[in-house]
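Shown next, in structure tokens, is the structure this report addresses.
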Amino acid sequence: MKAAGLDGVVAAETVLSMVDGEAGRLVIRGHELRDLVASGTTFEDVAALLWDGFAAEGGNPAVVRHGLGSARSRAWALLPQLLPAAGTLGPVEVLRIGLGMLPDDDALPAHLRAVGALPVMTAALLRHAAGKAPVEPDPSLGTAADFLRMLRGVPASASEVAALDAYLVTVADHGMNASTFTARVIASTQAGLVSAVLGGLCALKGPLHGGAPGPVLDMLDDIGSEANIMPWLRSAIDRGQRLMGFGHRIYRVRDPRADVLKPVAARLAGGRNRIAFAEQVEQAAIAVLAERQPNRRLDTNVEFYTALVLEALQLPRAAFTAVFAIGRSAGWCAHVMEQEQTGRIIRPQSRYVGPLPAEAA
Ligand code: ACO
């Protein structure tokens with residue numbers, strides 16, 4: 001029998017975000033996600049919103065922007081130790097080491113240091129893998145603009161920065177997802193924010209959570225042509241493969257983040273990307289999944305259009321999960337601080353179903 005995976009269990013009360021799986025709705029601190037994105041909310045804005053009441057600078061985007069800029073400069077100083085350790089490791093594996101290098105206590109608060117470190121380390125390790133020297137952060141910029149600049153070595157266009165901000169805001173928080181739950185469990189033992197964020201990253205890495213968008217592109221590549229869509233999808237399902245970018249534990253309808261990200265992807269690259277083909281694959285996948293799982297509606301999740309946004313921003317697919325982590329780190333930190341303020345150690349029980357030792361005579 002399959003484990004229930006805590007399906008339906010309420011693990012915490014939170015003021016941070018509400019995921020309504022029946023209505024396909026995501027509310028971040030009283031705001032609909034689609035309104036936040038439509039009004040041009042930046043990553044710093046959403047971090048300030050999430051941290052309001054939990055961190056000294058929370059609620060003030062300008063102070064958050066300044067703090068994250070300082071944190072990026074601090075992270076730059078760690079690169080001479082981090083990059084030689086990269087070897088042949090993948091981006092998230094290097095980020096695990098990088099976050100592990102942050103001390104628990106420091107004059108700059110841990111949530112700023114953790115969130116500021118991720119874009120600096122991600123950009124540097126991607127350049128390092130391509131044989132290029134890292135580009136120093138510019139603390140006066142926002143996270144999205146500085147990340148793209150540090151990655152490419154030249155400033156990104158305003159529309160690309162806006163697209164990355166829209167993406168980072170879209171993934172900043174999402175209720176009690178697996179990585180956030182992991183972070184809260186670690187925070188509940190008072191192990192500290194750095195450990196909790198590192199734990200969140202490790203949980204995010206898996207293909208059933210934040211590791212899906214790279215494989216979405218692999219799937220589109222592999223399908224290749226319109227004629228191959230249905231045969232490919234049917235054969236994948238027959239082999240017991242999961243279709244990446246579809247299905248969700250909570251949503252019984254389409255993931256609202258997919259609707260937010262689809263137009264963001266369509267606006268990039270002057271429309272010269274593979275949105276039209278992706279839409280055909282999407283419709284076919286939903287139909288095949290409905291055929292195979294008639295009792296469980298499986299629809300598009302955030303990762304499907306994430307893949308197209310990040311591809312149109314010319315990010316290497318191996319880096320998609322690391323970029324997801326940059327966005328989600330704002331939410332992890334908010335949950336950790338909320339847990340530290342309000343929580344009790346999270347310690348559920350298990351039911352033992354193994355053999356008992358023979359009773360002593
Ligand atoms: N492709 C094929 N079959 C699927 C898919 C899928 N994408 N999703 C669910 N199913 C099947 C399951 O195998 C299960 O079948 P079974 O009962 O015969 O074993 C049935 O549909 C019902 O599954 P759920 O209970 O709805 O799935 P669960 O809540 O356990 O898992 C998950 C949710 C992990 C997201 C799953 O849908 C999946 O693996 N999707 C593909 C990976 C993916 O896109 N991950 C990103 C998720 S979004 C995020 O985390 C940011």
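Every number for a ligand or one of its atoms is a count from 1 in the order of the listing.
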Nearest non-hydrogen contact with atom 41 (C) of ligand 1 belongs to which option: F246, F304, F324?
F246
Note: ligand 1 atoms sitting under 4.0 Å from heavy atoms of I237 are 2 (C)
Within ligand 1, which atoms have a heavy atom of M244 less than 4.0 Å away?
42 (C), 44 (O)
Just heavy atoms, cut-off under 4.0 Å: does P207 contact ligand 1 by side chain, backbone, both, or neither?
backbone
Atom indices of ligand 1 within 4.0 angstrom of L289 heavy atoms, with elements:
1 (N), 2 (C), 3 (N)
N-O pairing of E93 and K205 below 4.0 Å:
no
Polar side chain donor-acceptor pair, Y251 to E22, under 3.5 angstrom
no
Going by the order shown, which atoms of ligand 1 are within less than 4.0 Å of some heavy atom of V302?
51 (C)
In terms of side-chain heavy atoms, does D45 have a donor or acceptor partner in T42 at a distance below 3.5 Å?
yes
Please work out whether the ring planes of F246 and F304 are parallel, tilted or perpendicular, with thresholds of 30° and 60°.
tilted
So for L208 against ligand 1, with non-hydrogen atoms under 4.0 Å, the contacting part is both
Without hydrogens or angle criteria, can the side chains of T180 and R184 be said to hold a donor-acceptor pair below 3.5 Å?
no
Backbone, side chain, both or neither: what part of Q293 comes under 4.0 angstrom of ligand 1, heavy atoms only?
side chain
Geometric N/O contact R249 with ligand 1, under 3.5 angstrom
yes
If you count the atoms of ligand 1 from 1 in the order shown, which ones are under 4.0 Å from a heavy atom of R296?
22 (C), 24 (P), 26 (O)
From the options T306, N301, L298, select the one whose nearest heavy atom is closest to atom 47 (C) of ligand 1.
N301
So, do H174 and H209 have ring centers that fall under 6.0 Å from each other?
no
Test of proximity, R257 against ligand 1: N or O pairs below 3.5 Å
no
Below 4.0 Å, non-hydrogen atoms only: which portion of D7 touches ligand 1? Side chain, backbone, both or neither.
neither
Quick one: which ligand 1 atoms are inside 4.0 Å of a heavy atom on G245?
43 (C), 44 (O)
Please tabulate, for side-chain N and O atoms in residues 112-122, each donor-acceptor pair with protein atoms closer than 3.5 Å (sequence neighbours left out).
{"residue": "R113", "atom": "NE", "partner": "L108", "partner atom": "O", "Å": "2.7"}
{"residue": "R113", "atom": "NH1", "partner": "P103", "partner atom": "O", "Å": "2.9"}
{"residue": "R113", "atom": "NH2", "partner": "P103", "partner atom": "O", "Å": "3.2"}
{"residue": "R113", "atom": "NH2", "partner": "D104", "partner atom": "O", "Å": "3.2"}
{"residue": "T122", "atom": "OG1", "partner": "L118", "partner atom": "O", "Å": "2.7"}

Are a donor atom and an acceptor atom from the side chains of D299 and H248 found within less than 3.5 Å of each other?
no
Quick one: does ligand 1 sit under 4.0 Å from the side chain of D255, the backbone, both or neither, non-hydrogen atoms only?
neither
With sequence neighbours excluded, tell me which residues meet salt bridge (Lys or Arg N to Asp or Glu O under 4.0 Å) with R149.
D146
Is it the case that the side chains of T300 and R254 hold a donor-acceptor pair, with the cut-off being a distance below 3.5 Å and no angle test?
yes
Under 4.0 Å to a heavy atom of A212 - the qualifying atoms of ligand 1, by number
43 (C), 44 (O), 45 (N), 46 (C)
